[in-house]
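Notes to accompany the following structure.
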Amino acid sequence: MGVDRVNLLEFDLDGLAAYCQQRGEKRFRAVQLFRWIHQKGATGFDEMSDLARSLRSKLSTQAEIRALTLLTEQASADGTVKWLFDVGGGNAVETVFIPEDDRGTLCVSSQAGCAVGCRFCSTGHQGFSRNLSTGEIVAQLWHAEHQLRVRLGLGPGERAVTNVVMMGMGEPLQNYAALVPALRVMLDDHGYGLSRRRVTVSTSGVVPMIDRLRADSPVALAVSLHAPNDALRDQLVPLNRKYPLDDLLCACRRYLEAAPRDFITFEYCMLEGVNDTLELAQQLVDLVHGADRSKRVPCKFNLIPFNPFPQSGLRRSSRERVQAFAKVLQDAGIVTTVRRTRGDDIDAACGQLAGEVQDRTNVQTRMVRPVIRIETTG
Ligand code: SAH
Ligand code: SF4
C-alpha cells in the first residue's frame with residue numbers, strides 16, 4: 001500500500017464527510033463509506049457494492065483502510081486475547097480483549113511508551129516514543145471487532161466489543177488531539193455505536209485536559225489515584241507535582257457535571273509497604289468524602305493488585321491486605337472492587353512478550369506492560 005494514500009481510519013464521520021466533499025461527493029456517501037469500514041469491517045473498496053464504480057476506483061487509488069501490522073496474537077484459555085502491533089521504529093503497542101458474561105471489553109493503547117513515568121508502570125519505565133494517530137487508535141478496535149466477530153461466529157446484529165477502556169499503553173489525555181476523533185468513531189451510530197457509559201478514558205490526572213474532555217466528549221472517566229496525599233503521590237505519579245490532588249479532585253467534581261455516570265472510578269494500584277496501609281485507606285476515605293460536603297467526590301474504587309516487573313523494585317500487596325484495605329473503603333460506604341487479573345496463561349512472566357518480539361524482529365522493541373486489566377464498573 002502506498003504511504004501517500006489517505007488512511008480512512010484517521011477520520012471521524014465529519015472528517016470523512018469533508019474528505020468526500022472535497023471529491024465532489026455528498027455526505028450520505030461518507031456515511032455509506034463509514035459504515036462499510038466500521039460496521040462491516042471492509043478492508044478494500046471493491047466489496048462496497050452500493051458505491052458507484054467510479055467512486056470506488058477513485059478511492060482505490062487515493063485512499064486505503066490501513067490496518068496495523070500484527071506482530072503476535074495470544075489467546076488465553078479464559079477467552080482473553082492479546083494482540084501486539086508493530087507501530088514502526090522498533091515500537092509495539094498492545095490491545096487486549098477481555099470477555100465476560102455480559103460484555104466484551106477492549107483495552108486500547110493511546111501512545112507508544114508514556115511520558116508520565118509512574119514508578120510502578122513498565123510503560124512508564126520505557127519512556128515516551130510517540131503518540132498514536134487517530135487511525136492507529138481506531139485500528140485497534142477495528143481489528144479486534146471484526147476479527148472476533150468471525151472467530152466467535154457472531155451474527156449480523158451482534159457485537160464482540162461492547163466496552164472500550166483507554167487503559168493500554170500511554171496517557172490518553174497527553175494525546176488529546178488524536179484521542180477525541182477516535183472516541184467519536186467509537187460513539188458514532190454509524191461507527192461502533194458504543195454509549196458514552198461504555199467508553200472509559202483512564203488518566204493519571206492531566207487536569208486541563210479533563211476539563212476539555214468534559215466539554216468535547218464526556219465519556220466515563222477513570223482516574224489513577226494510587227495515593228491519598230501529595231507527598232506519596234508525587235513519588236508514584238510524577239505528574240502530581242504539576243497537578244496536585246486538590247486540583248485533580250476539583251476537576252473530577254467538575255467532570256461529573258457532564259459525565260455519563262454519576263461517579264468517577266478511582267484506580268489504586270496496591271503496592272506492598274508503599275501505599276497499602278490501613279491508615280492510608282482511611283486517608284483516602286477522608287480525601288474523597290471531603291472536609292466539607294462540597295468537596296465530596298462521588299466515586300467508586302478499583303483496587304489493582306500490582307503486576308510486578310523486574311526493574312520496578314516493588315511488590316504486590318498480599319491478598320489479605322488488599323481485602324482489608326477494601327474493607328476500610330467499603331465500611332465508609334464507598335463501592336470498592338478488586339480487579340481480577342485475566343489471561344494469566346498468556347501473560348506468564350513479565351517481559352516475556354517483549355523478549356519474543358525481539359527474537360522475531362531483531363529490533364529493539366520496547367516492553368509492553370504485561371498486566372491484563374479489566375474494567376469492572378461497565
Ligand atoms: N495512563 C493512563 C491509562 C493507562 S494505565 C493511566 O495511568 O490511568 C491503566 C491503569 O493501569 C492505570 O490505573 C495504571 O495505574 C495501571 N497500572 C500501570 N502499571 C501497572 C502495574 N504494573 N500493575 C498494576 N496496574 C498498573
Ligand atoms: Fe503512563 Fe499510565 Fe503508566 Fe503512568 S500508569 S506511566 S500515566 S501509562
Side-chain angles (χ1 to χ4, degrees), residues 93-96 98 105-132 137 140 164-176 179 199-207 209-210 213 219-227 233-243 248 252 264-272 274-276 299-317 322 337-344 347 349-351 353 366-377:
V93 298
E94 177 189 53
T95 309
V96 183
I98 307 113
T105 302
L106 193 70
C107 178
V108 171
S109 295
S110 57
Q111 299 179 315
C114 181
V116 177
C118 299
R119 275 274 284 121
F120 50 83
C121 173
S122 69
T123 307
H125 276 244
Q126 299 171 19
F128 175 69
S129 292
R130 71 168 175 88
N131 281 326
L132 299 187
I137 297 171
Q140 297 171 60
V164 170
V165 294
M166 297 300 304
M167 292 186 187
M169 298 175 75
E171 170 48 57
L173 294 187
Q174 287 188 338
N175 185 14
Y176 192 79
L179 174 73
V199 176
T200 301
V201 167
S202 176
T203 180
S204 55
V206 191
V207 165
M209 294 300 149
I210 293 176
L213 189 69
V219 295
L221 187 68
V223 172
S224 296
L225 212 53
H226 310 309
R233 196 163 190 272
D234 282 351
Q235 301 304 311
L236 297 176
V237 184
L239 195 67
N240 194 69
R241 294 172 206 155
K242 196 162 178 194
Y243 305 115
L248 179 57
C252 289
I264 301 284
T265 302
F266 286 128
E267 294 164 278
Y268 197 99
C269 180
M270 298 292 294
L271 303 162
E272 186 181 80
V274 174
N275 67 353
D276 67 348
C299 63
K300 292 186 180 177
F301 265 84
N302 205 342
L303 305 181
I304 315 171
F306 171 60
N307 195 73
F309 58 100
Q311 313 89 318
S312 74
L314 297 163
R315 284 184 310 268
R316 175 189 291 191
S317 306
V322 175
T337 51
V338 177
R339 200 173 285 181
R340 288 181 292 149
T341 51
R342 292 277 302 263
D344 284 342
D347 226 355
C350 173
L353 190 54
R366 287 154 185 275
M367 175 47 204
V368 177
R369 180 170 358 73
V371 72
I372 294 184
R373 294 170 207 83
I374 51 167
E375 169 71 356
T376 50
T377 51

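Note that this is a predicted model, so its numbers are computed, not measured. Numbering of ligands and ligand atoms starts at 1, following listing order. Position 1 is the first residue of the sequence, and the numbers go up from there.
- Residues Pro308 and Arg316 share a closest heavy-atom pair of CD-NH2, 4.2 Å.
- Applying the 4.0 Å criterion to heavy atoms of Gly117 picks out, from ligand 2, the atoms 6 (S).
- Contact annotation: Ser110 has no heavy atom less than 4.0 Å from any atom of ligand 1.
- Residue-level proximity to ligand 1 for Ser202 is carried by backbone and side chain together, each with a heavy atom below 4.0 angstrom.
- In summary, the aromatic rings of Phe306 and Phe120 are positioned with their centroids too far apart to meet the 6.0 Å limit.
- Heavy atoms only, all atoms of each residue included: Ser110 and Asn175 are closest at O-ND2, 2.9 Å.
- The number of heavy-atom neighbours closer than 6.0 Å to CZ of Arg241, taken from other residues, nucleotides and ligands shown, is above 12.
- Listed by first then second residue, pairs satisfying salt bridge (Lys or Arg N to Asp or Glu O under 4.0 Å) with a partner in residues 113-131 read Arg130-Glu136, not counting sequence neighbours.
- Contact between Asp276 and Ser317 at its shortest, heavy atoms only, is OD2-OG, 2.9 Å.
- Considering Met167, His226, Met270 only, the shortest heavy-atom separation from atom 14 (C) of ligand 1 involves His226.
- Heavy-atom proximity to Phe306, at under 4.0 Å, picks out these atoms of ligand 1: 21 (C), 22 (N), 23 (N), 24 (C).
- Interface atoms of ligand 1 facing Gly170, defined by a heavy-atom separation under 4.0 Å, are 1 (N), 2 (C), 3 (C), 4 (C).
- Between Met166 and ligand 1 there is a heavy-atom distance shorter than 4.0 Å.
- Using cut-offs of 30° and 60° on the angle between ring planes, the pair Phe309 and His125 is perpendicular.
- A donor-acceptor contact closer than 3.5 angstrom links the side chains of Glu171 and Ser204.
- Listed by number with element, the atoms of ligand 1 under 4.0 Å from a non-hydrogen atom of Cys269 are 23 (N), 24 (C), 25 (N).
- By the 4.0 Å heavy-atom criterion, Cys118 is excluded from the residues contacting ligand 1.
- With ligand atoms numbered from 1 in the order given, ligand 2 contributes 6 (S) to contacts under 4.0 Å with heavy atoms of Gly124.
- Closest approach of Thr123 to Gly113, counting heavy atoms only: CG2-C, 3.5 Å.
- Using a 4.0 Å cut-off between heavy atoms, Ile304 contacts ligand 1 through its side chain alone, with no backbone atom that close.
- Atoms of ligand 1 found under 4.0 Å from any heavy atom of Cys121, numbered from 1 in the order shown, are 18 (C), 19 (N).
- In this structure, Leu221 and Thr203 have side chains that are in contact, with non-hydrogen atoms separated by less than 4.5 Å.
- Within ligand 2, the atoms closer than 4.0 Å to a non-hydrogen atom of Ser204 are 7 (S), numbered from 1 in the order shown.
- Backbone or side-chain N, O or S atoms of Cys114 reach atom 1 (Fe) of ligand 2 at under 2.8 Å.
- Within the structure, the closest approach of Gly170 to ligand 2 falls below 4.0 Å when heavy atoms are considered.
- Proximity of Cys118 to ligand 2, defined as any heavy-atom pair under 4.0 Å, is shared by backbone and side chain alike.
- With a 4.0 Å heavy-atom cut-off, ligand 1 is reached by the side chain of Glu267 but not by its N, CA, C or O.
- Side-chain N or O atoms of Asn275 include one that pairs as donor or acceptor with a backbone N or O of Cys269 at under 3.5 Å.
- Near Thr203, meaning under 4.0 Å from any of its heavy atoms, are these atoms of ligand 1: 6 (C), 8 (O).
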**Study point:** Residue pair Ser129, Gln111: steps toward the side-chain hydrogen bond (donor to acceptor under 3.5 Å, both in side chains) verdict
**Key:** CA-CA 8 Å; Ser129 292; Gln111 299 179 315; over 6 Å; no
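- Assignment of Ser122 to the shell around ligand 1 is not supported, since no heavy atom sits closer than 4.0 Å.
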